[in-house]
Protein chains: 2
Amino acid sequence: MENATKNQDGRHLRSKQTRQKLLEAARDIFLQEGFQNTTIKQIIKLANTGYGTAYTHFTGKDDLLIVLMEDVMQKFFDIADISFYPSSKEEARRMILDQVHTFFQIAESERDMMKVFSEAMGLSSAINAKWEQIRHKLIQSITNDITYSQQHGLARSDLKAELVARQWFYANEMYQWEIVFNRHGVSLDEIAKTITIMYTDALYL
Amino acid sequence: MENATKNQDGRHLRSKQTRQKLLEAARDIFLQEGFQNTTIKQIIKLANTGYGTAYTHFTGKDDLLIVLMEDVMQKFFDIADISFYPSSKEEARRMILDQVHTFFQIAESERDMMKVFSEAMGLSSAINAKWEQIRHKLIQSITNDITYSQQHGLARSDLKAELVARQWFYANEMYQWEIVFNRHGVSLDEIAKTITIMYTDALYL
DNA sequence: ATTTATATTGACATGGTGTCACTATTGTCA
DNA sequence: TGACAATAGTGACACCATGTCAATATAAAT
């Protein structure tokens, strides 16, 4: 009666275990094969379930990956929740630099999964929509930070906060992909520093 | 004898015509259906050729689109070739604003094709590589412009030109996609102005 | 023990792809 | 001109992944 979650069946338990097996198998295969090359067959084989089973728990490959994305997404959302109430340009710069570092470090630590996401974004509109959520939340958060700075006389007010926020976010996002794919000889640190200086020198008074 | 191009067969001519028919049909279908939903079947039907014919002229869907991309790519390359020798911050700002406008205007005028490219980039690594060429060329060009400005005492020299160039390009590219997909109420003009001001105020002395 | 509810299963229909052996067309040369 | 060569075009076919569904297995309830 108190057990509010659900009918605490053994059935339900079995179902949850199967689902979990599928998710873990999917993770392994995705990491090994990438999104495109992964087939349901491979996943159910590793998970040791029947073919149709995958479809009773998930709507398809996309859905499987989306669930796996959610962990990583949370890390990004956490960045948006960092408080931002600087009282000077210098303080703002320090705080922003920290955020950029955090952002880039997620890219590094989750590199392999991020590669899969990147591939899957182009292949699945559902996954794309999921990523769009991250974008939206982070841009929203940056917009708030800029607005705060403007209202407290720290930042120039002649530009629309949201337009500036997008510009800033895009630079971050794209550099993040560069880091994921190791496209650069330049250190993560120097990138963070450079883009932060450009941003804060343009925006803050 | 003088006809250096090739064996001036009627065969060769016929072949060229078939190829052209396929390209035109592909263009129509791509615009109508998008990349993913387009099938070779649809293309060859519209082009009035046999199924296998498409494969003798092109390696597949990707290849067809890549050839169609080349026209548009040229427009982007043209931007990179615009000369840039400003003698003051103000002049630099004007010139850069012009470039941004041009860049955005391509997005607008080629909107439908750009949408197809965008979709296809995620689906085909060959097409992705093609787009990467555009990125590379434009970033290279911006890097040169920054270096010139630094060497002539117009721009700060404490930042690596290439890092700044990437940051700038990414903002442009991402906003361009927004324009392509009409994601914004804000005018193209205000976007161009905002990002240019941010960029030049940060970089130029 | 019987019935009901839920979970699992794999065979099947579907649809697109790329290949390849074959046909058709055009050019060449004796 | 007729035979042969070279090139272009063709569509049937094998392949493979997907998602569905009717059937089956397992657990719960009575």
Side-chain angles (χ1 to χ4, degrees), chain A residues 1 3 5-26 29-30 32-67 119-120 122-127, chain B residues 1 3 5-26 29-30 32-67 119-120 122-127:
Chain A
M1 191 161 285
N3 197 325
T5 45
K6 200 61 190 276
N7 217 352
Q8 78 288 34
D9 291 1
R11 288 188 288 208
H12 194 239
L13 177 64
R14 177 169 62 123
S15 170
K16 272 202 335 192
Q17 284 171 337
T18 306
R19 187 187 149 92
Q20 200 51 36
K21 274 196 299 178
L22 282 166
L23 278 173
E24 280 160 23
I29 305 287
F30 280 143
Q32 190 187 314
E33 302 282 338
F35 186 74
Q36 175 104 285
N37 289 334
T38 293
T39 67
I40 300 289
K41 217 175 173 180
Q42 291 173 297
I43 295 175
I44 58 105
K45 190 180 166 193
L46 184 58
N48 214 30
T49 74
Y51 188 85
T53 310
Y55 287 94
T56 63
H57 289 277
F58 304 93
T59 66
K61 253 203 305 188
D62 307 16
D63 195 28
L64 238 355
L65 184 60
I66 283 177
V67 174
E119 188 197 350
L123 266 41
S124 150
S125 57
I127 288 167
Chain B
M1 191 160 285
N3 198 324
T5 45
K6 200 62 191 273
N7 217 352
Q8 78 287 36
D9 290 1
R11 288 189 287 208
H12 194 239
L13 177 64
R14 176 169 61 124
S15 170
K16 270 200 341 192
Q17 284 170 339
T18 306
R19 188 188 149 93
Q20 201 50 38
K21 276 197 298 179
L22 282 166
L23 279 173
E24 278 159 23
I29 306 286
F30 280 142
Q32 189 186 315
E33 302 282 338
F35 186 74
Q36 175 104 282
N37 290 333
T38 293
T39 66
I40 299 288
K41 218 175 172 179
Q42 291 173 296
I43 295 175
I44 60 107
K45 190 179 165 192
L46 184 58
N48 215 30
T49 73
Y51 188 83
T53 309
Y55 287 94
T56 64
H57 288 277
F58 304 94
T59 66
K61 253 205 304 189
D62 307 16
D63 195 27
L64 239 355
L65 185 61
I66 283 178
V67 175
E119 188 197 352
L123 266 41
S124 148
S125 55
I127 287 166

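Within every chain, numbering begins at 1; the chains are lettered A, B, ... in the order of the sequence lines, protein sequences first and strands thereafter.
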Asker: Quick check on DNA chain C: between Arg14(B) and Gly60(B), whose nearest nucleotide comes earlier from the 5' end?
Answerer: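 Between the two, 5'-proximity favours Gly60(B).
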
Asker: Has Thr56(A) got a side-chain N or O lying under 4.0 Å from the OP1 or OP2 atom of dA7(C)?
Answerer: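 Answer no for this pair, as no side-chain N or O of Thr56(A) is under 4.0 Å from OP1 or OP2.
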
Asker: Between Ala54(B) and Lys41(A), which is nearer to the 5' end of DNA chain D once each is assigned its nearest nucleotide?
Answerer: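 Looking at DNA chain D, the more 5' nearest nucleotide goes with Ala54(B).
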
Asker: Among dG9(D), dT17(C), dT8(C), which nucleotide has an atom closest to any side-chain atom of Tyr55(B)?
Answerer: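 Nearest listed nucleotide: dT17(C).
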
Asker: Is any side-chain N or O of Thr49(B) closer than 4.0 Å to OP1 or OP2 of dG9(D)?
Answerer: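 Result: no.
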
Asker: Can you tell me if Thr18(B) touches the phosphate of dG9(D), counting only side-chain N or O atoms and a distance under 4.0 Å to OP1 or OP2?
Answerer: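 Yes, such a contact exists.
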
Asker: Compare the minimum distances between each of dT10(D), dG9(D), dT18(D) and the side chain of Tyr51(A), then state the nucleotide with the smallest one.
Answerer: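 Nucleotide nearest to Tyr51(A)'s side chain: dT18(D).
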
Asker: Flag the pair Phe58(A) / Ile66(A) as yes when at least one side-chain heavy-atom distance between them is below 4.5 Å, and no otherwise.
Answerer: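 A side-chain contact under 4.5 Å is absent here.
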
Asker: Where is the tightest heavy-atom contact between Leu123(A) and Gly122(B), given as atom of each residue plus distance?
Answerer: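 Closest heavy-atom pair between Leu123(A) and Gly122(B): CD1-O, 2.8 Å.
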
Asker: Which of these, Gln42(B), Glu119(B), Lys61(B), sits in a side chain to side chain contact (heavy atoms under 4.5 Å, CB included) with Phe30(B)?
Answerer: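 Among the candidates, only Lys61(B) passes.
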
Asker: Measure from the side chain of His12(A), starting at C-beta and using heavy atoms only, and say which of dT20(D), dT10(D), dA7(C) lies closest.
Answerer: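 Nucleotide nearest to His12(A)'s side chain: dA7(C).
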
Asker: Using a heavy-atom cut-off of 4.0 Å across all strands, would you classify Ser15(A) as base, sugar-phosphate, or nothing?
Answerer: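 Sugar-phosphate, no base atom in range.
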
Asker: Give a yes/no on whether any side-chain N or O of Thr39(B) is located under 4.0 angstrom from OP1 or OP2 of dG16(C).
Answerer: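 For dG16(C), neither OP1 nor OP2 has a side-chain N or O of Thr39(B) closer than 4.0 Å.
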
